[in-house]
Protein chains: 2
Amino acid sequence: ALHLNQVKKIYTMTGEDVCALSSIDLVINENEYVAIMGPSGSGKSTLMNILGCLDVATSGDYFLAGANVSELSDDALAEIRNRRIGFIFQTFNLLPRSSLLQNVELPLIYRGINARERRQLAEASIARVGLGDRMKHKPNELSGGQRQRVAIARALVNNPSVILADEPTGNLDSKTGQEIMEILNQLHAVGNTIILVTHEHEIAQNAERIIQLKDGMIESDHTVPML
Amino acid sequence: ALHLNQVKKIYTMTGEDVCALSSIDLVINENEYVAIMGPSGSGKSTLMNILGCLDVATSGDYFLAGANVSELSDDALAEIRNRRIGFIFQTFNLLPRSSLLQNVELPLIYRGINARERRQLAEASIARVGLGDRMKHKPNELSGGQRQRVAIARALVNNPSVILADEPTGNLDSKTGQEIMEILNQLHAVGNTIILVTHEHEIAQNAERIIQLKDGMIESDHTVPML
Ligand SMILES: Nc1ncnc2c1ncn2[C@@H]1O[C@H](COP(=O)(O)OP(=O)(O)OP(=O)(O)O)[C@@H](O)[C@H]1O
Ligand SMILES: Nc1ncnc2c1ncn2[C@@H]1O[C@H](COP(=O)(O)OP(=O)(O)OP(=O)(O)O)[C@@H](O)[C@H]1O
Ligand SMILES: [Mg+2]
Ligand SMILES: [Mg+2]
């Protein structure tokens, strides 16, 4: 389970502090499917970065599977980020000078997987998002939606049990967006935890629970009616 | 008017050519409001880059207000890109080490506008997209949707008469997205030409005409029914 307790995040800048998260209490259990929505600037990506152990809260605690994240060693944190959590970034964060294949292999390299198996796993992840015919392209030789799909393929290649997807369909046409949601839905069906930021209500309907953020606070938190 | 005649775009890579646009004939008249839709990878951004004089067709001609773009001088092209066309990029293309204000001032600097007037114009454009309180932030100190709005503010600061918007609301919640569409609708109402790539049907409905791309070709081209 992911458990945030009184989590605040303040960005300190010269002359002004920005309070991005104001006081978040949140529990997400294993195998939940949660959508996070809210206005631009309301703190969604900041919340995701803390859940993904990519950023640290200014105050409050984050318990991941019972362990207080601030007390974990660097190695333990690296292991979590690499193997347990798959993060799909809102702005993709691809290596510009590496090919699509190399970008997707990156989490496998960190794991020490041998070159042959790495290639097979990466190719499978790439094929699943429909980019098998673009493997040698670099990010700037791909369309916006293709880059988004590379970010997705990379996040999923290590079979993480928690998937944090920040606007995974923002650059995709409806059909391709639905194909991506089908991948996430399947991953949920086999037991993984899915946390998804989206601004599209149709996409949010794939989840079981919708959390609305506003000004760094949780405004509402409802289960999605079963159909 | 923007007139593409038998335009092809082929990206040449070692070992494979990618045909991004296969044979485009297209006329967009002054003050039209056009939405371009289509699957990921179908050639929308490539088409926008050619219309915006940011890229060159492999074959075929592009006439902009009667002039063949391939015959224009570098100075004439620079003037078009800076003053006549405002381009909102799908991946924002902001200067990472400059503040929001500096990013939006950039087109005004190229025009040789003095510092005081530049600042006023840039601040007005920034206020219009709701980021008045974020002016000193750099792009990595902004949310995804805020970065998108900086790209919009920058594209509009020179009052261009042709606006090319590539997924301008892809990272915005519905309400902020509608505020942006209201800006574009107002610009259309005062005589400007708006060409918008979007994957969201609701956003496309703001336009008068919807063009569907598929595999680098125009699949359909219809006027939007008046309501
Ligand atoms: N520099 C490049 N070199 C090689 N191929 C490229 C390059 N840029 C784009 N492509 C390819 O050209 C095709 C069209 O790309 P384009 O960016 O126009 O698509 P798009 O319709 O904007 O897609 P999206 O909706 O995903 O943004 C894609 O299949 C892409 O892989
Ligand atoms: N490094 C930073 N320094 C200062 N302020 C920041 C930084 N990163 C984010 N912010 C601010 O914190 C607030 C929350 O940002 P966040 O990225 O979490 O928003 P968001 O909900 O993801 O927005 P969007 O929907 O636009 O992606 C924003 O107002 C933003 O300007
Ligand atoms: Mg965000
Ligand atoms: Mg594109």
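To find a chain, count down the sequence lines: A is the first, B the second, and so on, and within it residues start at 1. Below, all heavy atoms of this structure are taken into account, side chains as well, without hydrogens, waters or symmetry copies.
Between B:Glu167 and A:Asn171, the side chains place no donor N or O within less than 3.5 Å of an acceptor N or O (distance only, hydrogens not considered).
Within the 4.5 angstrom heavy-atom criterion, only side-chain atoms of B:Glu141, from C-beta onward, approach chain A. Neither the backbone nor the side chain of B:Thr46 has a heavy atom closer than 4.5 Å to any heavy atom of chain A. Contacts between A:Ser45 and chain B at a heavy-atom distance below 4.5 Å are absent for every atom of the residue. At a 4.5 Å heavy-atom cutoff, the contact between A:Ser143 and chain B is made by side-chain atoms alone. A:Val18 touches chain B through its side chain: at least one heavy atom from C-beta onward sits under 4.5 Å away, while N, CA, C and O do not. Contact of A:Thr198 with chain B is not made at all, since no heavy-atom distance falls under 4.5 Å.
Heavy-atom pairs under 4.5 Å with chain B were tallied for A:His201, A:Met13, A:Gln146; the largest tally goes to A:Met13. Annotation: maximal heavy-atom pairing with chain A below 4.5 Å, among B:Thr169, B:Leu142, B:Leu172, occurs at B:Leu172. Here A:Gly41 is the residue among A:Gly177, A:Gly41, A:Gly15, A:Ala20 with the most heavy-atom pairs under 4.5 Å with chain B. In terms of non-hydrogen atom pairs under 4.5 Å with chain A, the most contact-rich of B:Lys175, B:Met37, B:Lys136, B:Arg149 is B:Arg149.
Few gaps surround CZ on A:Arg209; more than 12 heavy atoms of other groups in view lie less than 6.0 Å from it. Within 6.0 Å of CG in A:Asp74 there are 12 or fewer heavy atoms belonging to other residues, nucleotides or ligands. Applying the 6.0 Å contact sphere to OH of B:Tyr11 captures more than 12 heavy atoms from other residues, nucleotides or ligands. Environment of CD in A:Glu202: sparse, with no more than 12 heavy atoms of neighbouring residues, nucleotides or ligands closer than 6.0 Å. The local environment of CZ in A:Arg119 is sparse, with at most 12 non-hydrogen atoms from other residues, nucleotides or ligands closer than 6.0 Å.
Note that CD of B:Glu200 is 4.0 Å distant from NE2 of A:His199, once rounded to the nearest 0.5 Å. The OG1 atom of B:Thr91 sits 11.5 Å away from atom CD of A:Gln148, with the distance rounded to the nearest 0.5 Å.
Residues B:His137 and A:Glu16 meet the side-chain proximity criterion, which asks for heavy atoms closer than 4.5 Å.
For A:Asp173 (side chain) and B:Ser40 (main-chain N/O), a donor-acceptor pair under 3.5 Å exists by modelled atom type.
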